[in-house]
Amino acid sequence: MLIVIIVLILAVVILAVLGGTFLLNRSRRSSKSQEHQTVLEKIGTVKAPPPSVEEAIDELHAERGISELDWTPPKLEDRLSKAKGLFGGYLPSVLGRGSILDQSWDDLEEALVLADVGLAATKSILENLKVVVKQEKIKEPKDLIASLKTELVRRLELNDAPIDLKFGQGGPTVWLFVGVNGVGKTTTIGKLAAREVKAGKKVLLAAGDTFRAAASEQLEQWAERSGADITKGSEGADPSSVIFDAIEKAAARNYDLVLADTAGRLHTKANLMEELKKVRRVSAKEPGQLCEVLLVLDATTGQNGLIQASEFKDATDLTGVVLTKLDGTAKGGIAIAISETLGIPIKLIGIGESVADLIAFEPQNFVEAIIS
Ligand code: GDP
C-alpha cells in the first residue's frame with residue numbers, strides 16, 4: 001500500500017515538472033517569435049498587418065470629424081407633417097359617413113388636387129378607383145381609403161427604381177446632378193457624399209457650377225464636412241472640362257464615385273440646356289461610368305416644378321428625380337404628379353437640412369406617411 005502511495009506521489013511530481021518545462025518553453029518560443037516579428041518589421045521585411053476596412057473608415061472619420069455629423073435617421077411621417085395634415089383633414093369626413101356617397105368622391109378629389117397630384121392624374125386615379133370599388137363590391141369607407149392607397153402605390157411602383165449603386169465596374173461611377181438654383185443640388189450632393197464616405201467609398205466632388213463662385217465654395221464646405229475630396233475649376237471655366245478632369249482624376253486615383261454638380265442658371269434657358277447636354281455627353285465618356293443623371297426638384301414648387309422637369313428631361317435624358325424639401329410646406333402629392341407626368345422614378349427624397357435627411361423613396365412608406 002505504502003509503495004503504491006509513493007509511486008503515485010512520484011508520478012504526480014514527474015508530471016508537474018514535465019508540464020512546467022513545456023509551458024516555459026512555449027512562452028519563451030512565443031516571446032522569441034514576437035521579438036523576431038518586431039525585428040523583421042523594423043528592418044522592413046514584414047509589414048504590420050493592414051487595418052481592417054472598418055478600422056480604416058473609423059480612422060478616416062475621426063480624422064475628418066465625420067462622427068460629429070448627426071446620423072439620427074428621420075421618421076418619414078413626422079417630417080411629412082404638412083402633406084399628412086392635408087390628407088388627414090379629409091379622412092374623418094370620408095370615414096365618418098356610414099357608406100360611400102357622392103360626397104365621399106368629391107372629398108377625395110379635393111384632397112388629391114389640393115395635395116398637388118394635379119387635375120389629370122386625380123381624374124385618372126379616381127376613375128380607376130371607381131372601377132375597383134364596383135368590381136370588388138366595396139361598401140365601407142375604410143375599404144375605399146385602403147383601395148385609394150393601393151392605387152397610389154401601384155402607380156408609383158410603375159416607375160420605381162432604386163439608385164444605381166454600381167461600384168467597381170470599370171472606371172469610377174459618375175452621378176450627375178441637374179436642376180435650377182436653390183432646389184437643393186449642393187445639399188443633396190453633400191448628404192450623398194457623407195453617406196457614401198461613411199459606407200467606405202472614396203468620393204470625389206466635381207464643382208461643375210463654375211458660373212457662381214458661391215456654388216463651389218458651398219460644395220467645398222460639404223466636401224470638408226463629408227470627408228470627400230473636390231475638384232474645382234476657376235470661375236467661368238468650362239463646366240464640362242471641370243467635370244471631365246474630375247472623372248480622369250478619379251480614375252487615376254481609384255475613386256469609387258464622382259458626384260458632379262452643374263449650373264442651375266445661365267444667361268438664357270436655351271444656353272443652360274445646351275450646356276447641360278454637353279456636360280452629359282462628356283460625363284458619359286470613358287473612363288467614367290455615368291450611372292445616374294438626377295434632376296433635383298424642390299417639392300414646395302408644386303406643379304411649377306413639373307414644367308421645369310420636362311425641359312431638363314428633354315435636354316439630359318434623366319435617370320431619376322431627387323425630390324427635396326418634402327419636410328417643408330410641400331404637399332406630397334407632387335411625387336405622384338412627377339411619376340405620372342414624367343414617367344421617371346423618384347429615387348431619393350430630402351426631408352430636412354441635415355446629413356441624414358436624405359432617404360430612398362419607397363412608394364408604400366410614402367403613401368402610408370401621407371394618408372394615415
Ligand atoms: P442648389 O442651389 O440647388 O445647390 O441648392 P442648395 O443645396 O444650396 O439648397 C438651397 C437651400 O435649400 C439650402 O438652404 C438648403 O439647406 C435647403 N435644402 C436643401 N434640401 C433640403 C431639404 O430636403 N429640406 C429642407 N427643409 N431644406 C433643404
Side-chain angles (χ1 to χ4, degrees), residues 69-85 116 163 175-195 205-226 228 230 232 235 239 242-243 259-266 269 272-273 275-276 279 292-302 304-305 308-309 311-312 315-316 318 320-332 334-335 338 346-362 365-366 369-370:
L69 296 174
D70 181 11
W71 284 102
T72 320
K75 261 186 107 183
L76 188 59
E77 61 265 39
D78 294 347
R79 295 293 173 87
L80 298 187
S81 51
K82 167 88 186 181
K84 191 176 159 187
D116 264 344
I163 195 115
W175 296 349
L176 195 63
F177 294 80
V178 299
V180 300
N181 285 347
V183 287
K185 282 190 302 296
T186 319
T187 312
T188 300
I189 292 174
K191 288 171 178 175
L192 277 170
R195 188 182 88 175
L205 310 187
D209 184 356
T210 53
F211 298 93
R212 288 187 310 143
S216 59
E217 278 161 25
Q218 200 190 339
L219 202 65
E220 198 156 25
Q221 282 168 9
W222 268 109
E224 267 165 36
R225 285 179 76 192
S226 65
I230 184 167
K232 297 193 303 177
E235 204 177 334
V242 172
I243 293 174
L259 301 174
D261 192 15
T262 58
R265 192 182 156 77
L266 285 188
K269 207 187 294 161
L272 176 64
M273 294 307 160
E275 188 66 61
L276 291 177
V279 164
E292 295 283 0
V293 182
L294 296 166
L295 172 68
V296 184
L297 269 184
D298 175 344
T300 60
T301 56
N304 285 342
Q308 274 170 33
E311 288 163 353
F312 279 97
T316 54
L318 302 167
V321 168
V322 180
L323 194 56
T324 60
K325 309 190 196 181
L326 269 167
D327 54 309
T329 52
K331 297 168 189 162
I334 191 66
I338 289 169
I346 298 168
K347 298 208 167 176
L348 298 162
I349 51 176
I351 48 173
E353 291 181 83
S354 70
V355 73
D357 295 337
L358 184 76
I359 59 173
F361 178 72
E362 289 167 2
N365 285 357
F366 184 78
I370 58 171

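Both ligands and their constituent atoms are indexed starting at 1 by order of listing.
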Report yes if the side chains of [X] and [Y] come closer than 4.5 Å at any heavy-atom pair, otherwise no.
{"X": "L76", "Y": "I359", "result": "yes"}
{"X": "L205", "Y": "D261", "result": "no"}
{"X": "F312", "Y": "L297", "result": "no"}

task: Let me know which protein residues bring a heavy atom to under 4.0 Å of ligand 1; chain then number is fine for ordering.
output: V180, N181, G182, V183, G184, K185, T186, T187, K191, R212, Q218, K325, D327, G350, I351, G352, E353
field: Spatial distance of atom OG1 (T188) from atom CG (D357) [nearest 0.5 Å]
entry: 11.0 Å
task: Using a strict cut-off of less than 4.0 Å between a Lys/Arg side-chain nitrogen and an Asp/Glu carboxylate oxygen, indicate whether D209 and K185 qualify as a salt bridge.
output: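 Result for this pair is no, no salt bridge flagged.
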query: Are more than 12 heavy atoms from other residues, nucleotides or ligands located less than 6.0 Å from atom CZ of R212?
result: yes
